[in-house]
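Working notes for the structure below.
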Amino acid sequence: MITKICEKCDSEMKLIPAGFSRAKNKPYSAFWSCDKRNGGCGATARAEGEAAAAPAGPADDRFAAIEKKLDEITGLLKSIDGRI
């Protein structure tokens with residue numbers, strides 16, 4: 001495992017790989033994290049030279065599926081609107 005020493009508290013940091021945030025629904029770059037749970041200060045640092053962003057594959061597929069469903073729903077709503 002790759003590690004780095006925190007500049008603020010001299011604790012060991014760990015590399016968090018680039019990924020896709022479930023909370024914000026956006027990709028994020030790789031970064032270093034000083035783990036508070038293990039006595040660190042909670043600081044973060046950019047991971048230069050690491051993968052810049054998350055792979056776009058699964059998120060793009062998910063968005064395409066959502067867009068397809070929305071098109072289907074819109075079509076159904078338009079057909080119902082004509083009957084009322």
Side-chain angles (χ1 to χ4, degrees):
M1 173 180 264
I2 301 171
T3 60
K4 178 179 178 173
I5 301 299
C6 179
E7 295 176 2
K8 294 183 180 180
C9 69
D10 293 327
S11 293
E12 190 174 286
M13 298 178 89
K14 69 177 190 175
L15 179 63
I16 307 299
F20 197 83
S21 170
R22 290 182 219 150
K24 294 182 180 180
N25 209 20
K26 295 182 179 181
Y28 60 86
S29 299
F31 63 95
W32 291 96
S33 176
C34 185
D35 193 1
K36 278 186 175 182
R37 296 173 292 183
N38 293 329
C41 65
T44 59
R46 288 185 56 192
E48 295 178 23
E50 300 300 325
D60 289 342
D61 292 343
R62 196 170 90 201
F63 291 134
I66 291 170
E67 191 170 346
K68 182 179 178 183
K69 287 289 184 187
L70 286 173
D71 289 341
E72 291 173 13
I73 292 169
T74 302
L76 289 171
L77 289 173
K78 286 180 181 178
S79 68
I80 291 171
D81 189 38
R83 295 181 193 169
I84 298 177

Residues two or more places apart in sequence or in another chain: which of them pass side-chain contact (heavy atoms from CB on, under 4.5 Å) with [X]?
{"X": "Asp10", "value": "Ile5"}
{"X": "Thr74", "value": "Lys78"}
{"X": "Lys8", "value": "Cys6, Cys41, Ala43"}
{"X": "Thr44", "value": "Phe31"}

**Q.** Minimum heavy-atom distance between Phe20 and Tyr28, given as atom pair plus value
**A.**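 Answer, listing the atom of Phe20 first, then Tyr28: N-CE2, 3.6 Å.
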
Q) Does Asp71 have any side chain to side chain donor-acceptor pair (under 3.5 Å) partners at least two apart in sequence or in another chain, and if so, which? A)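 Partners of Asp71 by the side chain to side chain donor-acceptor pair (under 3.5 Å) criterion come out as none, since no residue qualifies.
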
Q) For Arg46, which residues count as a side chain to side chain donor-acceptor pair (under 3.5 Å) partner, sequence neighbours excluded? A)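 None.
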
Q | Glu67, CD: over 12 other non-hydrogen atoms inside 6.0 angstrom | A |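 Check fails, neighbour count at 12 or below.
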
Q. Out of curiosity, Cys34 SG to Glu12 CD, how far, rounded to the nearest 0.5 Å?
A.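 Cys34 atom SG to Glu12 atom CD measures 9.5 Å (nearest 0.5 Å).
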
Q: Identify, with sequence neighbours excluded, every residue that meets salt bridge (Lys or Arg N to Asp or Glu O under 4.0 Å) alongside Arg22.
A: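 Once residues adjacent in sequence are excluded, Arg22 has no partner under the salt bridge (Lys or Arg N to Asp or Glu O under 4.0 Å) criterion.
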
**Q.** Remaining members of hydrophobic cluster (4.5 Å side-chain criterion), Leu77
**A.**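 Leu77 shares its hydrophobic cluster with Ile73.
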
